Amino acid sequence: MDFRKCTVYQIYPKSFRDSNGDGLGDLKGVTQKLDYIKELGADYIWLTPFFVSPQKDNGYDVEDYYNIDPRYGTMEDFEELAREADKRGIRLMLDMVFNHTSSRHEWFQKALAGDEKYKNYYIFRKGKAPGVPPTNWVSKFGGNAWEYVPEFDEYYLHLFDVSQPDLNWDNPEVRREVQKVVRFWMQKGVKGFRFDVINLISKEKFADDEEGDGRRFYTDGPRIHEYLRELNEESFGQDADIITVGEMSSTTMENCFRYAGSQSHELSMVFSFHHLKVDFMGNEKWVLVPFDFAKLKKILFDWQQGMAEHDAWNAVFWCNHDQPRVVSRFGNTETYWKESAKMLATVIHCLRGTPYVYQGEEIGMTNVDFTKIGQFKDVESLNYYQILQDKGLSASDALRIIQIHSRDNGRTPMQWTGGENGGFTEGTPWIGVNKNAERINAESELQDPDSIFHYYQKLIRLRKEYDVIAYGDITPVDQGNPSVFAYRRSWQDENLLAVCNFYGKPVTWTCPEDIKGYARILGNYPEAEVKETMELRPYEALVLYRKG
Ligand code: TEU
């Protein structure tokens, strides 16, 4: 399978489908829904972590990489899922969290007990002075990134939650442990790996950051490429069928040329997030600002072209379990819900890269309508609710910001039906189901031939049918236009134009390129005339194709 023609469907098992009524989604639930994913046309399923974990960060705090958390099922359930997926030609991609473990991991427990071998699996340092942590680095989930251990009079580093101590990749034993984990899952027939925040594993130096929060000292660090090449060589690189994607936090494009270069023997592709910070203030997420359309286009185009020039490969996406729902973010959840969801899908799926669809995106799921802080579950949201108030915001202003930016927006249960709990569980869901499940659900999407689901299905198919989508170069078209997102893809004698009105107001658009010979192969309105000057309707999307 050529991953450039493939689409990956991301599943957050906890919120996908609960098969046993305990309110938590599970692996059997995923197996039950394989036909649905097959129907959509996805080639891979990326499952977020289901390993043994105290679930402080919903499984991104791994206690045991070799076993399945009983809340998600058993190894037999996993093997059954793998078999059933295989029968349908769907491959599994697992999520490997190797920047840190859970503090409950045996290694960390031994470290805390004073075992020097295991202390060296983690990053322990002396404070600068009594009561002063080694550096001023800020944890991604708020607060200082070092935790004091009185028994040692030392601190350990945790770039994420205090329960997620960072592993010491400079220790070759740690690297060997990690390789072993990957090989274990390869033996189970896994054909893809997603590596969580993998560009944070090589720390440059432990110094105060006078300019920022510390990220420049641990992001894309000095030995990162060496470590990735080694991991590749010692594990997944031994099977040419395996695809890999690195989650790259605050990365640079220059590093991504190497992470995902076709000849660099590191990873198949990368996730970067710069295009999803266009409704932040710089790096500050916990503010309310309108999204910057010009910036969004510039970032996406720069990455598209830069990566193509360097023969490197992107993962392309709007949504995942850390992001608010895209239709709420850049689209319209009311009058033009359907049109805008399809338009946003068009922008991503005609780009150069492997598209990722996050559960529920294909049915146009929106941000959740929680009104009380008690409804939120995510550690990051709960921490920042407090931090924002400590900074002087009122509780209601803090809540408003959480409502817009919370990762829980992407984590509410998949809406299967209009029935109770959206058909996710027969029990009490671990997190509230969006009330709009009555209106927005997979059942009604499957019945409607004009649905968002069927539009995604078409886009996924187009990538397989048209080489230009998979392999073509990309050129921005009319980039300065304040409401239109347009680009051309070219490959041999094929051309494809994606033209999208990104807003809810009609716009008259004149194509700066010769439009003769182009025919519409997909769009989100029943019909459209293709001509040099067009009236684009609210959120209208057009995919135009010309051969020769
Ligand atoms: O996320 C990494 C990460 O830094 C973010 O996407 C993070 O959620 C965001 O910066 C917060 O504003 C990965 C996982 O996808 C996420 O779910 C985990 O919580 C995190 O790593 C730690 O393992």
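We count ligands from 1, going down the list as the structure has it; atoms in each ligand are counted the same way. As the structure is a computational prediction, the values presented were derived from the model and not from experiment.
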Against ligand 1, does R194 come closer than 4.0 Å with any heavy atom?
yes

For F141, atoms of ligand 1 separated by under 4.0 Å from a heavy atom:
19 (O)

Nearest non-hydrogen contact to atom 6 (O) of ligand 1 from the set N99, D322, V197 belongs to D322

Looking at ligand 1, is there an atom of it that comes within less than 4.0 Å of some heavy atom belonging to R215?
no

Right, does atom 17 (O) of ligand 1 have protein non-hydrogen atoms nearer than 4.0 Å?
yes

Less than 4.0 Å is my threshold; does some heavy atom of Q323 fall inside it relative to ligand 1?
no

Chi angles and distances behind the side chain to side chain donor-acceptor pair (under 3.5 Å) call for H321, Y60:
CA-CA 12 Å; H321 62 291; Y60 282 92; 3.1 Å; yes

Is there a side chain to side chain donor-acceptor pair (under 3.5 Å) between T48 and D95 once you walk through the steps?
CA-CA 5 Å; T48 62; D95 206 325; 5.3 Å; no

Is it the case that the side chains of N120 and N168 hold a donor-acceptor pair, with the cut-off being a distance below 3.5 Å and no angle test?
yes

K119 NZ/CZ over F152 ring centroid, <6.0 Å and within 45° of normal:
yes

Are Y384 and D390 linked by a side-chain donor-acceptor pair shorter than 3.5 Å?
no

Any N or O of K140 that comes nearer than 3.5 Å to an N or O of ligand 1?
no

